[in-house]
Amino acid sequence: MTQIFTVTNLNERIRERLENDPRLHDLWAQGEVSNFVHHRSGHMYFTLKDQDSQISCVLFKGNVGQVETELRNGMNVLLFGDVAVYRPQGRVQLVARAIKRDAGLGFRFLQFEALKKKLGEEGLFDQEQKRPLPLYPERIGIVTSLQGAALRDVVRTIGPYPARIIISPARVQGEKAEESIVSALLALQGRTDLIIVCRGGGSAEDLWCFNSEVVARAVFACDSPVISAVGHETDVTITDFAADMRAATPTAAAKIAVPDVADLKIRLEQSRVRIMRALWTSLERKEERLEYIQRSLAPSRMYSITGDLRQRLDHLSDGLDLAQAEMLKARRTRLDAAMGKLAAVGPRATLQRGYALVRSEKGLVVAWDDVLPGEEVELILGRGALRCRILECIDEKEMDG
């Protein structure tokens, strides 16, 4: 069974189909304004028509500043915008982003300014996004026509600089030039340190492919810095704004891309001279140091040093002996004092005063019940000792009685 759509689904499918067609975006339409209404919301609604057809148009408030003249019915205009579908009514319409009354060169200028404004608002031209060019690029990619003079100018200017040049040929004017430039840029991804996009001078029509949105986005997306050199010094394209640096001509781009070989030779020679001077200066200092060491190690000098060291050793030895003697004397004095103190408070001094120590086989006797009658004990006196036998043990109470 054939699929049945609701009206909403059908309008949605139509809108998706139209809005996904790249040919219906960023287009220009020419016709006469009719049914013009400037709504209180700030939006402008009108019909664009020619002798045979008409289409509804809307210019939203945010883009009113892109209208270079006051719109009125019966005016012939150029409209820049996108085809869209207003789903609630299933109406195909043109959503305008810029409107200009002029044609020819004015048409191109309006398209240029509209795209410049759009990409600028997205940040593609911000200075913070610009990458510095490498000082000494080893691989340089060139996107241009093989038949153009621009390629010869760039290669000749790079000249003797020792870089690998990778040429990625592209159409730089006419039909399918935009796709060719984008493909040439993609072919250089991961292969270069720097890319030059260039072509010689020409008319505005000849250079127009470099005002393409897809080319500008491809330049911005490159993985290495890009120099744009399109046309003559007075020619300015969208690609110039998207690139990391703009050069007035292809020859100027080549001069920017690589350092001047003659200057490099001069700087290398200057560096060589500075290095040689530094080496000679260092060598002279080391020779002076070596001579000083040799003089320091001469036999007479060594004998003098040895004599000084021997005298110092004798001096240190005498000092050590003296210090050792003084230390021994001090310790003997301290020992004598300690022995005197010990003798004064020790048991020997007490025994000299008539006291005695009693000791049995079990040890020191300090109480009457530490021994038994008939047991032998030893009395230690101030001078000598006595061996005695216990006749009777008397406790403290009996002694007090």
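The shown structure was predicted, so the numbers you read here are calculated from the model rather than taken from an experiment.
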Can you list the steps and then say if Val172 with Phe210 is a side-chain contact (heavy atoms from CB on, under 4.5 Å)?
CA-CA 8 Å; Val172 291; Phe210 292 95; 4.0 Å; yes
Return the CG to CD1 distance between Leu188 and Ile195, rounded to the nearest 0.5 Å.
5.0 Å
Please examine the side chains of Leu119 and Phe220, heavy atoms only from C-beta on, and report whether any two atoms are closer than 4.5 Å.
no
Considering non-hydrogen atoms only, spot the tightest contact between Asn76 and Glu32 and give its length.
OD1-CB, 3.6 Å
Within the structure provided, determine whether His25 and Val83 are in side-chain contact (heavy-atom separation under 4.5 Å).
no
Pair Arg272, Glu269 - check salt bridge (Lys or Arg N to Asp or Glu O under 4.0 Å), show working.
CA-CA 5 Å; Arg272 187 189 69 81; Glu269 178 62 22; 2.7 Å; yes
d(Ser228 OG, Ile196 CD1) to nearest 0.5 Å is 10.5 Å
Of Gln270, Arg277, Met276, the one forming a side-chain contact (heavy atoms from CB on, under 4.5 Å) with Arg274 is Gln270
Of Pro169, Pro250, Ser168, Cys198, which meets side-chain contact (heavy atoms from CB on, under 4.5 Å) against Thr144?
Cys198
Which side chain to side chain donor-acceptor pair (under 3.5 Å) pairs, counting each pair once, include a residue from residues 179-192, with sequence neighbours left out?
Thr192-Ser224
Sequence neighbours left out, what passes salt bridge (Lys or Arg N to Asp or Glu O under 4.0 Å) with Arg310? Give chain and number order.
none
Would you sort out whether Asn211 and Thr237 count as a side chain to side chain donor-acceptor pair (under 3.5 Å), showing the intermediate values?
CA-CA 5 Å; Asn211 290 319; Thr237 66; 4.6 Å; no
Distance-only side-chain donor-acceptor flag, Ser56 / Gln93, under 3.5 Å
no
Report the relative orientation of the aromatic rings in His43 and Phe60; use parallel for angles under 30°, tilted for 30 to 60°, perpendicular for over 60°.
perpendicular
Do Leu48 and Val77 touch side chain to side chain, with heavy atoms closer than 4.5 Å?
yes
Which pairs count as side chain to side chain donor-acceptor pair (under 3.5 Å) when at least one residue sits in residues 152-161, sequence neighbours excluded?
Asp153-Arg156
Taking only Lys NZ, Arg NE, NH1 and NH2, and the carboxylate oxygens of Asp or Glu, determine whether Glu138 and Arg164 approach each other closer than 4.0 Å.
no
Under the side-chain contact (heavy atoms from CB on, under 4.5 Å) rule, what do Val37 and Phe46 come out as? Steps first, then yes or no, please.
CA-CA 6 Å; Val37 175; Phe46 56 95; over 6 Å; no
In this structure, OG of Ser360 is separated from CG of Leu372 (nearest 0.5 Å) by 9.5 Å
Taking C-beta and beyond as the side chain, do Val33 and Thr47 meet within less than 4.5 Å on heavy atoms?
no
Sequence neighbours excluded, which residues qualify as salt bridge (Lys or Arg N to Asp or Glu O under 4.0 Å) partners of Arg139?
Asp193
Partners passing side-chain contact (heavy atoms from CB on, under 4.5 Å) against Thr281 (at least two apart in sequence or in another chain)
Arg285
Where do Leu78 and Ile99 land on the side-chain contact (heavy atoms from CB on, under 4.5 Å) test, with the steps shown first?
CA-CA 6 Å; Leu78 290 169; Ile99 299 175; over 6 Å; no
Please tell me if the side chains of Leu94 and Leu27 come closer than 4.5 Å, counting only heavy atoms from C-beta onward.
yes
Let me confirm one number: the CD-OG distance from Gln54 to Ser34, rounded to the nearest 0.5 Å.
6.0 Å
Identify the residue among Glu376, Glu375, Glu378 that makes a salt bridge (Lys or Arg N to Asp or Glu O under 4.0 Å) with Arg359.
Glu378
One should read off an interatomic distance between Gln324 CD and Asp321 CG, to the nearest 0.5 angstrom, of 6.5 Å
Hey, does Val358 have a side-chain heavy atom less than 4.5 Å from the side chain of Leu364?
no
How long is the gap from CG on Leu207 to CD on Gln173, to the nearest 0.5 Å?
8.0 Å
Is it true that Arg97 and Gln66 share a donor-acceptor pair across their side chains at a distance under 3.5 Å?
no
Return each pair, listed once, that meets side chain to side chain donor-acceptor pair (under 3.5 Å) where at least one residue sits in residues 115-137; pairs must be two or more places apart or across chains.
Lys117-Glu121, Lys118-Glu213, Glu122-Arg217, Arg131-Asp244
So His39 and Tyr45, would you call those rings parallel, tilted or perpendicular, with 30° and 60° as cut-offs?
perpendicular
Quick one: are Val377 and Ile390 in side-chain contact, heavy atoms under 4.5 Å?
yes
Worked verdict on Leu71 versus Met44 for side-chain contact (heavy atoms from CB on, under 4.5 Å)
CA-CA 9 Å; Leu71 294 183; Met44 294 182 180; 4.0 Å; yes
Is the shortest side-chain heavy-atom distance between Ile142 and Ile166 below 4.5 Å?
no
